[in-house]
Amino acid sequence: MFQSQSSKGMLALAAMGLITGTTASLETCESGTGFSCASSSTEPTCCFNYPGGALLQTQFWDTDPSTGPKDSWTIHGLWPDNCDGTYEASCDSKRAYSNITAILQDQNLGDLVDYMDEYWVDINGDNEDFWSHEWSKHGTCINTIEPSCYSDYKAQEEVGDYFQKTVELFKSLDTHKALAAAGITPSTSKTYSLSEIQEALTDLHGASVYLGCSSGELNQVWYFYNVKGNAIDGTYKAVDTLTDSGCPKTGIKYVPK
Ligand SMILES: *[C@@H]1O[C@H](CO)[C@@H](O)[C@H](O)[C@H]1NC(C)=O
């Protein structure tokens, strides 16, 4: 719907305050900035993700208990990683918000909350607590969305940006569909090899992924990116996993929800 609006119309709507949760006030990054991790620059700026230069869109396949739609994986989070499999966590206790729903609704992101209630779900049913955990542990460590990076900062603006961006990336990574297209479907009896699962998801992403298993059952996938510019408006480039798979080589179960 936004795409069909003329840019003049968009500006007018933005000026009237009818569009919120947009990222207009993040600093515009010069096109010359290199990709995170690949670049030798280690100067933290609002246009260069550092030290968490790899950003991971992580997903769950929860079956015990089952969460989310039967034909979809669910969102775990968006995590910065120090380009080597290690990461910083809980970087700003002052921004460890526990009122994520209220923050998003206050930014007119009610539709996003509805989507998250379906696809970003806590295994124990406490979505609010899960969202707060993901934001506080991982979101606060993304240096390019610190409040100081906004030119006209409104309170908790970066929180809306974080949840919107995570959902946008998740929507572009339909794990269930990509596996199904390769003949890998949930089953109580069939098993799959690590290489066939990896191949199907590498096709989707354009780079290898981390696969997680619990008791031989596939239950996690992490998609890795390097980013040029800030974490919201920047260019995302798929990169190979930095973490070895936690699944056996053969006999992997992918059980139905
Ligand atoms: C969320 O919590 C923070 C910290 O307590 C507070 O400053 C902010 O006003 C709250 N936001 C909303 C929309 O309730």
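In listed order, ligands and their atoms are each counted from 1.
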Exercise for the section: Tell me which protein heavy atom sits closest to atom 13 (C) of ligand 1, plus the residue, atom name and distance to 0.1 Å. Expected result: A102 O, 3.6 Å
Problem - Note: D92-R95 ion pair, threshold 4.0 Å (strictly below) - result: yes
Completion exercise
closest protein heavy atom to atom 7 (O) of ligand 1 is Q156 NE2, 4.0 Å
Handout entry: Residue pair Y223 / T58, side-chain donor-acceptor N/O under 3.5 Å
Key = no
Handout entry: contact_flag Q105 ligand 1 heavy-atom lt 4.0 Å
Key = no
Practice task
Kindly check if C141 and C91 bring their SG atoms closer than 2.5 angstrom.
Solution key: yes
Exercise for the section: May I ask you to check whether Q57 and Q59 show a side-chain donor-acceptor distance below 3.5 Å? Expected result: yes
Practice task
Would you tell me which option among N99, V159, I103 has the nearest heavy-atom contact to atom 6 (C) of ligand 1?
Solution key: N99
